[in-house]
Asker: 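Pasting in a structure now, in structure tokens, and then I'll have a few things to ask.
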Amino acid sequence: PVGKEVIQSKKPGAVPAAIGIVLHSEQTSDDLVTLSVKIKKGRFTTNTADGKMFIDGKSCSLPQEIICEGSVSYKELLSATARVPAWYCSHWWGEPIQSFVTCCKRHAHLRGLTHVEGKYWV
């Protein structure tokens with residue numbers, strides 16, 4: 001189904017959790033097809049709670065496995081060392097980034113965090 005749209009949603013016509021376009025399709029066994037999909041929106045999952053899969057509007061089974069080759073976070077580009085965040089924070093893209101950084105620094109200062117302890121997931 002190369003070129004067909006792939007959607008994961010709770011039901012047809014509902015707001016989708018993920019949308020993609022099939023780039024490559026390969027029949028790997030009698031009942032298994034491997035797809036390469038370019039993701040346009042959202043994130044596909046194997047969880048039934050996230051909805052069913054539809055290819056070109058037709059219902060199909062959920063993927064058994066999802067592999068995102070070459071998918072890395074900004075942090076992974078900067079360092080290969082694992083750092084579990086201690087804090088989560090969010091910001092509005094209309095806010096100047098320096099204001100956001102100043103807020104994070106103030107947060108760390110008020111809590112007496114060192115550079116090693118001040119790990120944030122943004």
Asker: Where does the angle between the aromatic ring planes of Phe100 and His91 fall among parallel (under 30°), tilted (30 to 60°) and perpendicular (over 60°)?
Answerer: tilted
Asker: Ignoring hydrogens, what is the shortest heavy-atom contact between Gly112 and Glu117? Give both atom names and the distance.
Answerer: O-OE1, 3.7 Å
Asker: Donor-acceptor pair, Glu5 side chain versus Ile19 backbone, under 3.5 Å?
Answerer: no
Asker: Taking the side chain as C-beta and beyond, is there a heavy-atom pair between Val6 and Pro1 under 4.5 Å?
Answerer: no
Asker: For Ser90 and Val122: C-alpha separation, side-chain torsions, deciding distance, then whether side-chain contact (heavy atoms from CB on, under 4.5 Å) applies.
Answerer: CA-CA 6 Å; Ser90 182; Val122 179; over 6 Å; no
Asker: Calculate, to the nearest 0.5 Å, the distance between atoms CD1 and CG belonging to Ile7 and Asp56 respectively.
Answerer: 9.5 Å
Asker: Verify, without hydrogens or angle tests, whether Ser99 (side chain) and Glu95 (backbone) share a donor-acceptor contact under 3.5 angstrom.
Answerer: no
Asker: Quick one, Thr48 with Leu62, criterion side-chain contact (heavy atoms from CB on, under 4.5 Å). Give me CA distance, side-chain angles, the key distance, then yes/no.
Answerer: CA-CA 7 Å; Thr48 56; Leu62 284 173; 3.4 Å; yes
Asker: Should the heavy atoms of other residues, nucleotides or ligands under 6.0 Å from CZ of Arg43 be counted, would the total exceed 12?
Answerer: no
Asker: Does the side chain of Thr46 reach to within under 4.5 Å of the side chain of Ile66, using non-hydrogen atoms?
Answerer: yes
Asker: Passes side-chain contact (heavy atoms from CB on, under 4.5 Å), Ser9 versus Phe54? Steps please.
Answerer: CA-CA 8 Å; Ser9 66; Phe54 299 91; 3.7 Å; yes
Asker: Taking atom OH of Tyr88 and atom CH2 of Trp121, what is their separation to the nearest 0.5 Å?
Answerer: 9.5 Å
Asker: May I have the step-by-step check of side-chain contact (heavy atoms from CB on, under 4.5 Å) for Trp87 and Lys119, ending in yes or no?
Answerer: CA-CA 6 Å; Trp87 301 91; Lys119 303 171 199 168; over 6 Å; no
Asker: Nearest 0.5 angstrom please: Asp50 CG to Lys10 NZ, how far?
Answerer: 6.0 Å
Asker: How long is the straight-line distance from OG1 of Thr34 back to CD1 of Ile67, given to the nearest 0.5 Å?
Answerer: 8.5 Å
Asker: What are the two closest heavy atoms between Val37 and Phe44, and how far apart are they?
Answerer: CG1-CE1, 4.2 Å
Asker: With side chains defined as the heavy atoms from C-beta onward, is the minimum distance between Gln8 and Thr45 less than 4.5 Å?
Answerer: yes
Asker: Looking at every non-hydrogen atom in both residues, tell me the closest pair between Ala108 and Tyr120 and how far apart they are.
Answerer: N-OH, 3.4 Å
Asker: Any idea which heavy atoms bring Thr28 and Val33 closest together, and the distance?
Answerer: OG1-N, 4.2 Å
Asker: Quick one: CD1 on Ile21 to OG on Ser36, what's the gap to the nearest 0.5 Å?
Answerer: 13.5 Å
Asker: Got a second to check how far Lys58's NZ is from Met53's CE, nearest 0.5 Å?
Answerer: 15.5 Å
Asker: Between Gln27 (side chain) and Ser29 (backbone), is there a donor-acceptor pair under 3.5 Å?
Answerer: yes
